[in-house]
Chemist: 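I am attaching a structure below and will ask some questions about it afterwards.
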Amino acid sequence: MTPSVCIRPLETIYLYLGILILLSLTACEQPQDSDESAEYPDAGCVNCHMDKDLLKEIADPIEAVTSSGEG
Amino acid sequence: MAPLEPWKRVYINDDFMDSIHGNIDCIWCHEGNEKSNDKTTAHDGLVSAPSEDSAYYCGVCHGDEDGAHVNSLHRTQEGYFERFSLRAGYDLRDAGQEHKLEEFQAECGQCHATCGQCHVTRPVAVGTGLNWAHEFNKTPDLQTNCTACHGSRIGEEYKGEHEGLKADVHYIPGAKRCEFCHSGQEMHGGDGTYLTYRYDEQNSSAPKCETCHSSIKESNDYHRQHWSGDAGVTLSCQVCHSQAYKNCNGCHVGGSGITGSSYLSFEIGRNYLETNVRYQDYDYITVRHIPIAPNTFEPWGEDDLKYFESSEPTWKLTFPHNIQRWTPQTEVAEGQTCGKSCHDSSYYLRLDDIENYENANFNEETGESGYGYDEIERERTANKDVIIPY
């Protein structure tokens, strides 16, 4: 009697899909090398210094200027 | 010039970020703590003006420019130190003069220019701040850089802002023109020679009219007589081609001896720079009044400049930036000779002019004339080599 081999194509596909989804989810949980503002070298500085509205709120006031040079 | 709004002084834009300097980490030049989201701690150790230490921050990439700039007058302000030293008999940087040096740094030191004050920000003297949202400009801007400091004399004269006077013929509104005559090499300290002041004979990169205009040296009788010297007298170009210019009678420093207002005049004097190889060829030059009196530095603790009358004149060589072909000296009514205008002796700096002008030193606060007889005599003596005798 020849042993019968049972092939279930649909279940195999589901299995592979499941593995792929698991791998994707795992990859998404890995720490990223860069955040959304990492296109600039120092995100911490430019985040403030490129934000006009923020700067208008927090920029230091100007000290009095006496005159131009040469009098 | 109105100062920049506070936010504009520190605002950077995409154009800067896309530029070469924008691709360098901020902390490379400015230190600080980029990890912090708190303004105070983020600015811990901040270096707001890196080019104050240009050898460390700028010279890494711009070694050639920085190497010469170390000796440029914009950086060293040696002209101030040298002139003070000649008049006082000691140097502000001498041991024991620390207080005066502090006063100097607080008042005159603001005119010291770093790389950044020409190429990135406005000068400190006008409130500083990023000039082009942190973009670097190879050629400084006439309005917000050059004439921000060199404003009340050069800027106003060059742009024709005095009533009744024309702008300099070399001025083209909206165009960058300072660099037309003043090269980057000159601004960066020339060949690196340590210069003592702007008319130092070794200042070989300083501009001269003759460099561009030598082809017209023999173009007319007037040039032949007073440029080539056929008449036995050589004049600086400005003697014929400058208009009236501002003379100063007051100084930021204060003192009680010279507190008057500035005034427009045109004065021809004898060339006192007889041994200066760059300028000794001129017999007569245009001279401008320098706002200094024996007690100018009284607030600093220097009551009387010991060598006031024996060191430097107070009417000094000037090259006004208001050149025109036709000026009151060169223009005459039809049928008249040039002698009617250019030989008008009212232009000559005379002994009496010293008294007349210094009497203008009226002190508005005290209601007294700033100058007494002794001071006028001392100023006459100081200008003995400049005054044209009757």
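Naming: A, B, ... by sequence-line order, numbering from 1 per chain.
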Chemist: Looking at every non-hydrogen atom in both residues, tell me the closest pair between B:Val10 and A:Ala59 and how far apart they are.
Modeler: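 Smallest heavy-atom distance, with atoms named: CG2-CB, 4.4 Å.
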Chemist: Who are the ring-ring contact (aromatic ring centres under 6.0 Å, His included) partners of B:Phe16, not counting sequence neighbours?
Modeler: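 B:Phe16 satisfies ring-ring contact (aromatic ring centres under 6.0 Å, His included) with B:His134 once adjacent residues are dropped.
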Chemist: Under the ring-ring contact (aromatic ring centres under 6.0 Å, His included) rule, collect the residues that match up with B:Phe84, sequence neighbours excluded.
Modeler: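 Partners of B:Phe84 under the ring-ring contact (aromatic ring centres under 6.0 Å, His included) test: B:Tyr90, B:Phe297.
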Chemist: What's the spacing between B:Asp25 CG and A:Cys45 SG if we round to 0.5 Å?
Modeler: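 Between B:Asp25 CG and A:Cys45 SG, I get 8.5 Å after rounding to 0.5 Å.
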Chemist: Please determine whether the number of non-hydrogen atoms from other residues, nucleotides or ligands lying under 6.0 Å from atom CD1 of A:Ile19 exceeds 12.
Modeler: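 Buried by this count: over 12 neighbours within 6.0 Å.
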Chemist: Closest approach of B:Cys26 and A:Val46, non-hydrogen atoms and distance?
Modeler: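 The pair with the smallest heavy-atom distance is SG-CG1, 4.4 Å.
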Chemist: Among all residues two or more places apart in sequence or in another chain, which pass the salt bridge (Lys or Arg N to Asp or Glu O under 4.0 Å) test with B:Arg87?
Modeler: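 Salt bridge (Lys or Arg N to Asp or Glu O under 4.0 Å) check on B:Arg87 returns nothing, list empty.
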Chemist: The test is side-chain contact (heavy atoms from CB on, under 4.5 Å); show your working for A:Lys52 and B:Trp7 and say whether it passes.
Modeler: CA-CA 7 Å; A:Lys52 282 183 191 178; B:Trp7 70 271; 3.5 Å; yes
Chemist: Non-hydrogen atoms of chain A under 4.5 Å away: do they reach the side chain of B:Leu130, the backbone, both or neither?
Modeler: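 Neither part; nothing is under 4.5 Å.
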Chemist: Enumerate by number any residue of residues 35-45 of chain B whose heavy atoms lie under 4.5 Å from heavy atoms of chain A; in the absence of such residues, state 'none'.
Modeler: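 Only B:Lys39, B:His43 of residues 35-45 of chain B have a heavy atom under 4.5 Å from chain A.
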Chemist: Quick one: CG on A:Leu55 to CZ on B:Arg9, what's the gap to the nearest 0.5 Å?
Modeler: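 These two atoms lie 12.0 Å from each other.
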Chemist: Are A:Met50 and B:Met17 close enough, and set up right, to give a side-chain contact (heavy atoms from CB on, under 4.5 Å), and what steps lead you there?
Modeler: CA-CA 10 Å; A:Met50 295 185 75; B:Met17 297 308 297; 3.7 Å; yes
